[in-house]
Amino acid sequence: SVAKRAVAEVAQHDKVPRPVGFLPPPPPPCPGKIRHFRI
Amino acid sequence: VPAAPPGPLGCDDPESEEAAEVAVSYINGRSHHGYKFALNRIENIRVIPEGLNSDIIFLELDLLETTCHILSPTPLENCTVRSFAEHAVEGDCDVKLLRVGRKFSMLASKCHSHADSSEDILQVCPDCPLLTSLNNTEVLTTVTAALNDHNSKTADAYLRLLEIGRAKIQYHPAHIVYVEFAVAATNCSAKEAKDNVEACQLLPDDQSNYGFCTATIATTQDKSQDLRVDCQLYGHQVPTPDSPFLSRPGVTYSQSVQDTP
């Protein structure tokens, strides 16, 4: 009989390491910066 | 491998800022009412390729009113943006430019300006004076009294009112009316005007001498009034070409749109 093997919780050290040089997504291109204040 | 096409222009890219600077200079340069506006934020930019090395650029700009009247010779970069507590006025502009190579030229602009909401101001500054209508009776009385007071004391040219730029009224803790108005020198001295004010006409464009006045009238508990006036003339400047208008809060003007073929 085929038993579904419980997938062990991935141990911390097994977590897929982030690729080297992973950069956060660039800020959205617009709207731009506020130069004085928002009203 | 051919170079990948450049990504979409971001609102803070140098090229976007260059285009916005051309647009703001155009809007201020073609306005002859109210105050100069400065760039506060580029809300959005859209680039539509137009052909070899040329694009149509649509910008949505967020401007803020400065304290420089539009007739002031002060360069925009030296004009202070009106603070939030002074009851700021915002301009929203949609502009269309043509870019050929690195050169931008304006095709059309449409602007709408509006004052910040009184609730926002009072929330931050309960006693701050708020903008009031320019044809408010107290405002008109204050402008008239201030101009008469200046003309009665000056040894220079007799000044005539060009336009009221803005007016605010404070109710607490004292009742104070604040006005700002643009003036122009006439061909009379203040003394001559006493004899025949009808003869005093604005100087022709090639000799025009504009100025700006600020004044307050404070009314104390015992109903006595304290009037303060400060008028400064700019000296003669070369007149600028006519233009659409921007800085009447709440009013929308649009440039006659010359659509590109």
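None of these values were measured; they are calculated from a predicted model. Computed from heavy atoms alone, side chains included, the values below leave out hydrogens, waters and symmetry copies. We name chains A, B, ... by the order of the sequence lines, and we start the count at 1 in each one.
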Item to complete: Any chance you could lay out the side-chain contact (heavy atoms from CB on, under 4.5 Å) test for E90(B) and R38(A), step after step, and finish with the verdict?
Response: CA-CA 9 Å; E90(B) 183 181 49; R38(A) 193 86 182 115; 3.9 Å; yes

Worksheet item: Is the NZ atom of K103(B) crowded by more than 12 outside heavy atoms at less than 6.0 Å?
Response: no

Worksheet entry | R228(B) CZ: over 12 foreign heavy atoms closer than 6.0 Å | no

Worksheet item: If you look at every heavy atom in C11(B) and G32(A), which pair is closest and at what distance?
Response: CB-N, 3.4 Å

Worksheet item: What distance do R41(B) atom CZ and R35(A) atom CZ have between them, rounded to the nearest 0.5 Å?
Response: 9.5 Å

Practice prompt. Let me know if R82(B) has heavy atoms under 4.5 Å from chain A in its side chain, its backbone, both or neither.
Written response: backbone

Practice prompt. Measure the spacing between OG of S83(B) and NE2 of H36(A) and express it to the nearest 0.5 Å.
Written response: 12.5 Å

Item to complete: Quick one: closest heavy-atom pair of G10(B) and C30(A), and the distance?
Response: C-SG, 4.3 Å

Discussion item. How close do F37(A) and L64(B) get, counting heavy atoms only, and between which atoms?
Written reply: O-CD1, 3.7 Å

Practice prompt. Please flag which part of D62(B) lies under 4.5 Å from any non-hydrogen atom of chain A: side chain, backbone, both or neither.
Written response: side chain

Response to the item:
Note: vs chain A, highest number of non-hydrogen pairs under 4.5 angstrom among D120(B), N44(B), I42(B), N40(B) is N40(B)

Worksheet item: Side chain, backbone, both or neither: which part of S117(B) has a non-hydrogen atom closer than 4.5 Å to chain A?
Response: neither

Worksheet item: What are the two closest heavy atoms between V89(B) and I39(A), and how far apart are they?
Response: C-CD1, 4.3 Å

Fill in: chain A contact via E17(B) - which portion, at a heavy-atom distance below 4.5 Å
side chain

Worksheet item: Counting only heavy atoms not in E18(B), do more than 12 sit closer than 6.0 Å to its CD atom?
Response: yes

